[in-house]
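In what follows, every heavy atom counts, from backbone to side chain, and hydrogens, waters and symmetry copies are set aside. In this text the structure is predicted, and so the values were computed from the model without any measurement. Throughout, a chain's letter reflects where its sequence line sits, starting with A, and its residues are numbered from 1.
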Amino acid sequence: MSKVYGLVDCNNFFVSCERVFDPKLRNIPTVVLSNNDGCIVARSQEAKALGVKMGEPLFKAKDFLNKHNAEVRSSNYSLYADMSRRVMSVLEEMVPEIEIYSIDEAFLDLTSLRYRDLTMYAKQIKDSVYRCTGIPVSIGVAKTKTLAKIGNHIAKKNLTLNGVMDMNIMSVKQIDGILKNIPVEDVWGIGFRSYNKLRSMGVESAYNFKTLNESWIRSQMGINGWKVQQELGNLDCNFHHNDIRKSLVVSRSFSGYIEHFNELSGVLARFSHSAGESLREEGVEAKYLSVYIRTNYYNQNHKQYMNSITVELEEHTNSSSVILAGVLQGLKKIYKDGFKYRKAGISIFDIKPEGYQLGMFTNARKLDPVFEVVDSVNRKWKGSIKLGRELFSQNKISAKELVSPNYTSSWTELLSVH
DNA sequence: TCTGGGGTCCTAGGACCC
DNA sequence: TCTGGGGTCCTAGGACCC
């Protein structure tokens, strides 16, 4: 039996979160910045209309934004994560199964509700999310995820649709009519490289792509290109399905340069602590990690160096200090004096549920009482307990000047009403 | 040393996504 | 001067084996 998917996507999510708590941003062009206030990563509709580009560095856009009286905010990820949880829990209440795809997107499995008027029901879902969280969303409904994404795209652009586009009730002919008006580069899964190839062959619309020779696609764009084509033809490949997490990355650019081992190790200690925290929160542990460091590749005058290394830990763990020990072991091997380091990161993989590999001589789940305490204290008073080495980091990460308060996740920053 | 096909495993890098 | 961070999956090619 064929499935029916809904794709819920929050409109301009980070900006919408800021607007929930600061209504004066409504109707004003607003952008949200990346870490270190480097790039623009979210734009309100008004900012998009002005031509502000995704990923544009702030220093290039600053004058333009000032001229148009745009509002600028640093990113506040704990606020966005919290708002995301609220949106997802509303969805969970209204649909038997949801698959969270990213911080601002989720697939709904609407198969068991297919005898209802799904256009109507999707509108109810949209309204409930807005009523309960203040976040506007759009919903695309279709028999494949790729088409649901296209439906979502149309629902966002065409205001007369009231935020919902239902392609499940359409015939193949009607769908083809729509695909003829979708530029091929707007199709989910067709990126920059493929687009260049396709354009040079005269493929311009999603419909052109759908009718392209299958074996050419298979050889030039691999299995995923083929799946995109199938899904445009209403054949479900359950594409973009992700179940449990396979890796975890913590990385940052610095607000200045780091030129000494100790300071770099301090930054990596902060990353190790944060990675351990995430693993413990999710009840998982990992056995491998890799460390990487790099200089600033935008600055041609600096000597360039980058390197990374993978380290195997003795056993699966989620202890921040064991992770840090592994990270330092790796860092010692790749660190070189005489460079201006700009960015570093760690990634953790081979992730398994906690206690998955109980040693032959252990008969209970390993608990690290130290980190249980550390976590519970830090949940209340954010960042108050650190690993010793974190003190070497000298605040070279996360320089945020324009950040909004943690309205929902910190008792001291609750919204006050006068 | 050459001849030759066939298989697995691993890794780096490519491509794409939000 | 100032240029994000966090993910997944696939593929080609090398190393090694029979």
Roughly how far apart are A:M221 CE and A:L198 CG, rounded to 0.5 Å? 5.5 Å
The nucleotide from B:dC17, C:dG7, C:dG4 with an atom nearest the side chain of A:W188 is B:dC17
Does B:dC16 have OP1 or OP2 sitting under 4.0 Å from an N or O in the side chain of A:R193? no
With nearest nucleotides of DNA chain C determined for A:L248 and A:Y297 from heavy-atom distances, which residue corresponds to the more 5′ nucleotide? A:Y297
Could you give the CZ-to-C1' distance, from A:R218 to B:dA15, as a whole number of Å? 14 Å
Of the listed B:dC17, C:dG7, C:dG4, the closest approach to the A:Y101 side chain comes from B:dC17
Candidate nucleotides C:dT8, C:dG7, B:dC18, ranked by approach to the side chain of A:R245 - the nearest: C:dG7
If the threshold is 4.0 Å, N to carboxylate O, is there a salt bridge linking A:K246 and A:D350? no
What nucleotide among C:dT8, C:dG4, C:dT11 has an atom nearest to a side-chain atom of A:C39? C:dG4
Given that A:N224 and A:P57 both sit by DNA chain C, which one's nearest nucleotide is further toward the 5' end? A:P57
How many whole angstroms separate atom NZ of A:K227 from atom C1' of C:dC9? 9 Å
So if I take every side-chain heavy atom of A:N35 and compare against B:dC18, C:dG7, C:dG5, which nucleotide ends up nearest? C:dG5
Closest nucleotide among B:dC17, C:dG4, C:dG7 to the A:S253 side chain: C:dG4
Would A:K143 and A:D236 pass as an ion pair if we require N to O under 4.0 Å? no
With a 4.0 Å cutoff (strictly under), does any side-chain N or O of A:S347 reach OP1 or OP2 of C:dG6? no
Looking at B:dC10, I'd like to know if its phosphate oxygens (OP1 or OP2) sit under 4.0 Å from a side-chain N or O belonging to A:Y288. no
Round to the nearest Å and state the distance from A:I103 atom CD1 to C:dG6 atom C1'. 11 Å
Return the value, rounded to whole Å, for the distance between atom CG of A:D37 and atom C1' of C:dG4. 11 Å
From CD1 of A:I190 over to P of B:dC18, roughly how many Å is that when rounded to an integer? 13 Å
Rounded to the nearest angstrom, tell me the gap between atom CH2 in A:W226 and atom P in B:dA15. 22 Å
Within the pair A:K343 and C:dG5, is there a side-chain N or O less than 4.0 Å away from OP1 or OP2? yes
Compare side-chain N and O positions of A:Y292 against OP1 and OP2 of B:dA12 and report whether any pair is under 4.0 Å apart. no
So with a 6.0 Å cut-off around CD of A:Q304, is the heavy-atom count from everything else above 12? yes
Using a heavy-atom cut-off of under 4.0 Å over every strand shown, decide if A:V187 touches base, sugar-phosphate, or nothing. sugar-phosphate
Counting the atoms with a prime plus P, OP1 and OP2 as sugar-phosphate, which does A:F192 contact under 4.0 Å by heavy atoms, base, sugar-phosphate, or nothing? sugar-phosphate
So A:E56, base contact, sugar-phosphate only, or nothing? Heavy-atom distance under 4.0 Å. nothing
Rounded distance in Å - CG (A:N152) to P (B:dC18): 10 Å
Indicate yes or no: does A:K149 engage A:E105 in a salt bridge with an N to O separation below 4.0 Å. yes
Using only side-chain N and O atoms of A:S102, determine if any of them is under 4.0 Å from OP1 or OP2 of C:dG7. no
Looking at A:R252, does any N or O in its side chain come under 4.0 Å of the phosphate oxygens OP1/OP2 on C:dG6? yes
Whole-Å gap separating P (B:dC16) and CG (A:D186): 14 Å
Within the pair A:S251 and C:dG6, is there a side-chain N or O less than 4.0 Å away from OP1 or OP2? yes
Are any of the side-chain nitrogens in A:E46 or A:R19 under 4.0 Å away from the carboxylate oxygens of its partner? yes
